[in-house]
Amino acid sequence: MTPGPIDFSGLMARQDDQIELARACLQIAEDAYPGLDVDGYVGEIERFAKRLRARFAPEAAAEDRIIALNEFLFDDLGFGGNTDDYYDPRNSYLNEVIDRRTGIPITLAVLYMEIGRRIGLPFEGVSFPGHFLVRLPLRGGTLVLDPFSSGVPQSETELRERLKRVIPRGATGEWKDAARRVAVAELPLDQFLEPASNRQILARLLRNLKGIYREKDLPQRLLEVLNRMIVVAPESAAELRDRGLVYLRLECWRPALKDLAAYLEREPEASDQDEVRAKMVDLTVRCARLN
């Protein structure tokens, strides 16, 4: 008997290096796009890679493969960063990125990595502060690339400029700003360029969607995202709490009580324990009325 397609929970049960990143991203998109042809989009990525492989010799160096990838993806196919509507949720769904040829740093990076890995470029994701990047270890060091900006290589100076934009400024005074610039210049850059695991990439993608749907006040969409997040990071107490609060918003009393109780069981000294316990008392009363 032919085994059926593996679901999201099944993917997350694998060892991290065995997780199919593109498939997992597309399965996340199924919440917003019921009936999505996940296999079809994975096949599209395979077809991109097949077309690209025809552009260089089998013995081509990594640098030549990167040039070919950038020309194919960004010049020929027209992919690019969505600077006009960055927080459009479609930018976080890989099917929409493929269809619309635009996305945010992390989804473009996923597509870039998935095509790259199929043409012999073992890319790794980098959860750089404020902007997801891609890296490739080479004999002479590590090459860092920005798929949001057409795969442009990032110099050390550019990376430190990115850090300066996300590290908080001093409250007031020229000295604090100068001290901040010195501090950023002296930070060991390597600590920000560690490769991200597949689970870390998926969690960052989901956090983006979580922030978008919270800001747009769409609790049902937010619940779907949190359900996925808890599969990706089952050890996260904060996600349990947040899901419990969304259940509360949706008047799902029993699931709300269960999640909030599980949160306090994991974090008995949580800073918000009094607030959560008060909600649990109210939920206990509401649940009793349902019997």
Side-chain angles (χ1 to χ4, degrees), residues 6-16 19 21 23-34 36 87-94 104 106-107 125 127 129-130 132 166 168 196-291:
I6 190 165
D7 64 9
F8 190 72
S9 295
L11 274 183
M12 292 304 104
R14 293 179 173 181
Q15 293 294 320
D16 190 85
I19 292 173
L21 188 56
R23 183 173 296 277
C25 290
L26 290 162
Q27 288 178 339
I28 287 170
E30 286 183 293
D31 293 330
Y33 303 89
L36 181 69
Y87 295 101
D88 185 333
R90 293 177 295 177
N91 294 328
S92 293
Y93 293 119
L94 191 56
I104 54 175
I106 192 165
T107 45
S127 279
F132 200 87
V166 296
S197 69
N198 286 321
R199 283 184 180 80
Q200 288 170 334
I201 293 170
L202 294 170
R204 183 158 173 166
L205 175 69
L206 287 164
R207 283 195 298 272
N208 287 343
L209 283 168
K210 179 181 175 182
I212 289 168
Y213 287 135
R214 178 177 281 167
E215 180 68 24
K216 290 179 177 290
D217 194 26
L218 294 172
Q220 188 59 54
R221 283 276 179 255
L222 185 53
L223 177 61
E224 293 166 348
V225 171
L226 287 165
N227 284 338
R228 297 285 188 179
M229 181 69 88
I230 288 169
V231 176
V232 172
E235 73 289 347
S236 174
E239 305 301 342
L240 269 178
R241 176 201 58 205
D242 290 350
R243 187 175 70 174
L245 295 175
V246 174
Y247 275 134
L248 177 59
R249 174 85 185 280
L250 293 171
E251 299 185 356
C252 301
W253 313 131
R254 288 195 177 99
L257 180 59
K258 181 180 178 182
D259 276 355
L260 294 180
Y263 166 65
L264 286 185
E265 184 176 339
R266 293 187 187 186
E267 298 286 344
E269 303 300 323
S271 60
D272 59 352
Q273 61 174 301
D274 292 340
E275 179 185 348
V276 172
R277 289 188 195 282
K279 292 184 187 303
M280 289 174 60
V281 169
D282 179 63
L283 283 166
T284 301
V285 173
R286 291 180 182 273
C287 289
R289 289 174 182 164
L290 296 175
N291 295 330

Undergrad: Calculate, to the nearest 0.5 Å, the distance between atoms CG and CG belonging to L245 and L240 respectively.
TA: 11.0 Å
Undergrad: Between P268 and R277, what is the shortest heavy-atom contact and its length?
TA: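 So the two residues come closest at O-NH2, 4.1 Å.
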Undergrad: What verdict does the side chain to side chain contact (heavy atoms under 4.5 Å, CB included) test give for V225 and R221, after you've listed the backbone C-alpha separation in whole Å, the side-chain angles of each residue and the deciding distance to 0.1 Å?
TA: CA-CA 6 Å; V225 171; R221 283 276 179 255; 5.7 Å; no
Undergrad: Would you compute the distance between atom CD1 of I19 and atom CD1 of I201 and round it to the nearest 0.5 angstrom?
TA: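 I19 atom CD1 to I201 atom CD1 measures 9.5 Å (nearest 0.5 Å).
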Undergrad: I need the single residue from L94, L26, L205, N198 that forms a side-chain contact (heavy atoms from CB on, under 4.5 Å) with L21. Which is it?
TA: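 Of L94, L26, L205, N198, side-chain contact (heavy atoms from CB on, under 4.5 Å) with L21 is met by N198 alone.
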Undergrad: Specify the closest pair of heavy atoms between A203 and M229, including all atoms of both residues, with the distance to one decimal.
TA: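 Answer, listing the atom of A203 first, then M229: O-CE, 3.5 Å.
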Undergrad: Between the side chain of R228 and the main-chain N/O of Q27, is any donor-acceptor distance below 3.5 Å?
TA: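 Yes; judged by distance alone, with no hydrogens or angles, the pair exists.
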Undergrad: With rounding to the nearest 0.5 Å, note down the distance linking CG in L260 to CD in E265.
TA: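 It is 13.0 Å, given to the nearest 0.5 Å.
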Undergrad: Taking atom CD as the centre, does Q15 end up with more than 12 heavy-atom neighbours from other residues, nucleotides or ligands that are less than 6.0 angstrom away?
TA: no
Undergrad: Between A196 and S127, which heavy-atom pair has the shortest distance, and what is it?
TA: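 Reported closest heavy-atom pair: CB-OG, 3.9 Å.
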Undergrad: Please examine the side chains of Q200 and R204, heavy atoms only from C-beta on, and report whether any two atoms are closer than 4.5 Å.
TA: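 Answer no - side chains too far apart.
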Undergrad: Indicate yes or no: at least one non-hydrogen side-chain atom of F8 is less than 4.5 angstrom from one of V232.
TA: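 A side-chain contact under 4.5 Å exists here.
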Undergrad: Quick one: do R249 and D217 make a salt bridge, cutoff under 4.0 Å?
TA: yes
Undergrad: Start with the C-alpha distance between Y33 and R90, add both sets of side-chain angles, then the distance that settles side chain to side chain contact (heavy atoms under 4.5 Å, CB included), and finish with yes or no.
TA: CA-CA 11 Å; Y33 303 89; R90 293 177 295 177; 3.6 Å; yes
Undergrad: Could you tell me if the side chain of I230 sits less than 4.5 Å from the side chain of S236, heavy atoms only?
TA: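 No, side chains not in contact.
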Undergrad: Return the CG to CG distance between L218 and L209, rounded to the nearest 0.5 Å.
TA: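 The distance works out to 11.5 Å.
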Undergrad: Is there a side-chain contact between E215 and Y87, using heavy atoms and a 4.5 Å cut-off?
TA: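 The answer is no; the side chains never approach within 4.5 Å.
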Undergrad: If I compare all heavy atoms of P129 with all of V166, which pair ends up nearest, and what's the gap?
TA: CB-CG2, 3.7 Å
Undergrad: What pair of heavy atoms forms the shortest contact from N208 to S92, and how long is it?
TA: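 Looking at all heavy atoms of both residues, the shortest contact is CB-OG, 4.2 Å.
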Undergrad: From E267 CD over to Q273 CD, what is the distance, rounded to the nearest 0.5 angstrom?
TA: 10.5 Å
Undergrad: Measure the spacing between CG of L257 and SG of C287 and express it to the nearest 0.5 Å.
TA: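 It comes to 5.0 Å.
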Undergrad: Relative to the ring of Y213, is the ring of Y93 parallel (under 30°), tilted (30 to 60°) or perpendicular (over 60°)?
TA: tilted
Undergrad: Between K210 and E239, does at least one N-O distance fall below 4.0 Å, as a salt bridge requires?
TA: yes
